Amino acid sequence: MSQKKTNISKKREPLSDRRKFILNMARGVGIAALSGFVWSAYVDEATASQLLLRPPGAIKEDDFLKTCIKCGLCVEACPYDTLMLAAPGDNDRPLGTPYFVPRDVPCYMCTDIPCVPVCPTGALDESSVSTDGKLDINIADMGLAVIDKESCIAYWGIQCDACYRACPILGKAITIEYDQNTRTGKHAFMKPIVHSDACTGCGLCEHACVTEKPAIFILPREIAMGKAGSHYIKGWDKSDEKRLEGATTKINTTEISKQKASDKLNGDMLEGLY
Amino acid sequence: MKYIWNNYRYLILRRVVQIGLLVLYFGANAWGWSVLQGNLSSSVIFGVIPMSDPYAALQMLAAGALLATNLLMGVAVATLFYLLVGGRAFCSWVCPINMVTDAANVLRSRLGFNRLANKQPASRKMRYWILGLSLIISAVMGVTAFEFISPISMLHRGIVFGIGFGWAAVVVIFLFDLFVLKNGWCGHLCPLGGFYSLLGKFSFIRVHHYEENCTLCMKCKEVCPEHQVLHMIGKKSIPVLSGECTNCARCIEVCDDEALGFSIRKLAEKKTGA
């Protein structure tokens with residue numbers, strides 16, 4: 001019994017300072033690893049949104065998230081209360097970053113773009129909305145208008161050009177295409193068409209759309225557009241055709257078996273299977 | 001009246017400054033005032049002088065963002081300012097969370113939680129771990145890690161731009177400080193406080209102890225939110241040199257014996273050296 005007691009007291013010698021320090025450090029690292037895991041999982045989740053519309057001149061979303069300091073100077077500069085800062089609990093909106101919802105308040109495309117030059121961090125990049133050193137809101141790219149032809153009443157044959165009239169670059173970003181209404185045989189379709197090269201994504205069309213839920217709406221360009229891939233070349237487009245210049249030709253041939261399919265099946269292919 | 005002046009003059013002044021700054025920020029967004037625009041992450045004073053949170057900039061750097069000149073200027077202004085007035089002067093004179101945790105602290109001692117657990121179960125070094133962790137997560141995830149969870153920005157941004165669910169974070173901190181850990185958030189966890197502690201090591205304005213006047217009443221240690229910085233009380237006439245001191249001046253005003261006062265670092269050091 002007494003033997004045991006001395007054993008225990010031997011084991012409980014006070015820790016040396018160095019050992020204490022190392023153990024404490026290890027403890028710290030353990031806690032840090034756990035909290036770091038939870039923290040980064042949260043941050044990952046909190047910054048996952050892709051469907052947000054940013055102010056004009058916003059840099060690529062990934063870079064935007066690391067560059068925006070969330071000061072709200074752009075929000076304060078906006079004369080129309082278009083821009084807002086995402087508050088905690090706003091679904092899918094990275095906390096504190098500026099965004100706008102065009103159905104509520106679209107971007108009115110001020111020619112002096114007051115929201116961009118005030119940005120202290122360059123998350124809103126002045127050069128991306130400038131031509132020849134002058135601010136030019138018409139080259140802004142906040143998103144791209146997309147039309148749902150199913151719910152657009154103009155595509156049904158009802159006359160409506162609300163989006164076309166609302167468009168600040170009308171005739172370029174939205175045009176009206178005339179078509180014959182074969183259902184009635186005597187009326188015309190006047191279909192709005194969005195042109196991605198001119199559309200800035202300001203959302204005045206979405207704001208103006210008369211349907212219950214807008215049939216024309218703004219999506220971030222990357223989401224709204226597909227991509228054909230570089231191996232498709234428009235042969236009728238001189239500038240696109242130029243990509244063929246200097247292209248090398250390489251012919252790939254595949255060795256085709258001369259055997260008949262039945263020979264192949266009756267041959268050694270099945271051997272080893274049974 | 002004299003009693004209030006003697007015992008609460010700095011506290012009252014701090015509340016005036018804290019609330020005054022909030023009103024100025026709020027007015028910038030609500031009524032277009034231009035005294036103080038933006039928020040604590042990045043501001044513009046009188047429409048000219050930039051001031052940016054150096055810790056946020058550090059996270060941006062870790063995340064791999066390009067730091068704009070404007071931002072760097074703002075960071076320089078803020079760094080110089082807090083080098084002058086004391087790093088954690090931010091915590092006790094500017095940060096809105098200070099009012100929340102101070103309230104929790106008062107209530108805590110009234111309700112007797114301080115008697116329940118006299119020994120603090122947690123280390124005040126945690127903030128430096130969290131500071132380091134935030135930079136690691138920023139680097140790995142490519143976003144500013146603390147800025148997406150900071151209750152300071154949530155509250156401040158919330159007051160200026162709309163709070164959403166941000167009040168929940170504030171309530172959590174209040175309850176944590178009230179029930180779980182005395183000075184839990186500001187004194188143990190907050191990495192921004194940790195950052196300013198590191199900066200504050202080099203700052204000029206310090207609290208100075210005059211041992212010859214001290215009657216060892218220990219009122220100062222009782223009222224101090226970072227009582228470990230007052231280790232010299234009754235022992236040595238030296239300035240409080242720990243960066244963890246928030247320059248809140250509570251110790252100065254509760255002292256009835258003029259054993260504590262503000263001093264300028266250089267002069268103070270010469271005095272003690274002589």
Side-chain angles (χ1 to χ4, degrees), chain A residues 24-25 27-48 59 61-79 81 83-91 93-98 117-126, chain B residues 25 28-29 32 34 37-44 50 52-53 56-57 59-60 62-74 123 125-126 129-130 132-134 136-138 140-151 153-154 157-158 160-169:
Chain A
N24 270 331
M25 276 317 216
R27 245 179 112 205
V29 170
I31 298 170
L34 177 67
S35 43
F37 173 71
V38 176
W39 188 351
S40 48
Y42 171 76
V43 168
D44 192 35
E45 196 56 32
T47 54
I59 57 178
E61 182 69 13
D62 278 354
D63 294 327
F64 189 83
L65 284 174
K66 57 180 86 158
T67 311
C68 171
I69 200 165
K70 310 172 187 68
C71 64
L73 284 169
C74 53
V75 175
E76 288 178 4
C78 177
D81 291 339
L83 296 175
M84 287 178 288
L85 284 192
D90 285 358
N91 337 329
R93 287 174 196 144
L95 181 64
T97 54
V118 294
C119 179
T121 63
L124 304 180
D125 176 17
E126 221 175 310
Chain B
Y25 277 120
N29 188 41
S34 60
Q37 291 167 295
N39 62 28
L40 290 182
S41 300
S42 194
S43 333
V44 181
S52 302
D53 176 1
Q59 290 171 68
M60 288 167 64
L66 291 170
L67 300 189
T69 333
N70 257 345
L71 178 72
L72 290 175
M73 265 159 40
S123 163
K125 296 266 178 290
M126 266 193 294
W129 283 86
I130 295 175
L133 194 58
S134 72
I136 295 173
I137 296 176
S138 296
V140 173
M141 311 283 295
V143 290
T144 48
F146 183 63
E147 300 310 302
F148 278 101
I149 62 165
S150 164
S153 335
M154 275 188 216
R157 207 189 300 117
V160 183
F161 296 100
I163 195 153
F165 246 104
W167 58 266

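FYI, side chains are in, hydrogens and waters are out, and symmetry mates aren't considered; it's all heavy atoms of this structure. Remember, predicted model here, so these are calculated numbers, not experimental data. Chain letters run A, B, ... following the sequence lines, proteins first, then strands; residues in each count from 1.
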For the interface with chain B, which of [options] has the highest count of heavy-atom pairs at distances below 4.5 Å?
options                                  : value
Gly72(A), Ala77(A), Gly122(A), Ala123(A) : Gly72(A)
Ile59(A), Val29(A), Thr97(A)             : Val29(A)
Cys68(A), Pro94(A), Gly28(A)             : Gly28(A)
Asp44(A), Ile69(A), Asp63(A)             : Ile69(A)
Ala33(A), Cys74(A), Gly36(A), Ala86(A)   : Gly36(A)

Name the region of [X], side chain, backbone, both or neither, that has any atom closer than 4.5 Å to a heavy atom of chain A.
X         : answer
Ile130(B) : both
Ser134(B) : both
Ile163(B) : backbone
Phe148(B) : both
Met141(B) : side chain
Val140(B) : neither

Any idea which of [options] has the most non-hydrogen atom pairs under 4.5 angstrom with chain A?
options                                  : result
Ala56(B), Gly164(B), Ala65(B)            : Ala65(B)
Gly162(B), Ala62(B), Gly142(B), Ser52(B) : Gly142(B)
Asn70(B), Leu71(B), Asn39(B)             : Asn39(B)

Do the side chain of [X] and the main chain of [Y] share a donor and acceptor less than 3.5 angstrom apart?
X         : Y         : value
Gln59(B)  : Phe146(B) : yes
Ser138(B) : Ala145(B) : yes
Ser35(A)  : Ile31(A)  : yes
Thr67(A)  : Phe64(A)  : no
Asn29(B)  : Phe161(B) : no

On a heavy-atom basis, which atom in [X] and which in [Y] lie closest, and how many Å separate them?
X         : Y         : answer
Ser153(B) : Glu147(B) : OG-OE1, 3.9 Å
Val75(A)  : Met84(A)  : CG2-C, 3.9 Å
Thr144(B) : Ala63(B)  : N-CB, 4.5 Å
Arg157(B) : Lys70(A)  : NE-O, 3.6 Å

Turns out that what part of Thr47(A) lies under 4.5 Å from chain B's heavy atoms comes down to side chain
Honestly, the part of Leu85(A) sitting under 4.5 Å from a heavy atom of chain B is side chain
Original post:
Considering residues, nucleotides and ligands other than Glu45(A), do more than 12 of their heavy atoms fall under 6.0 Å from its CD?
Top reply: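 No, not enclosed.
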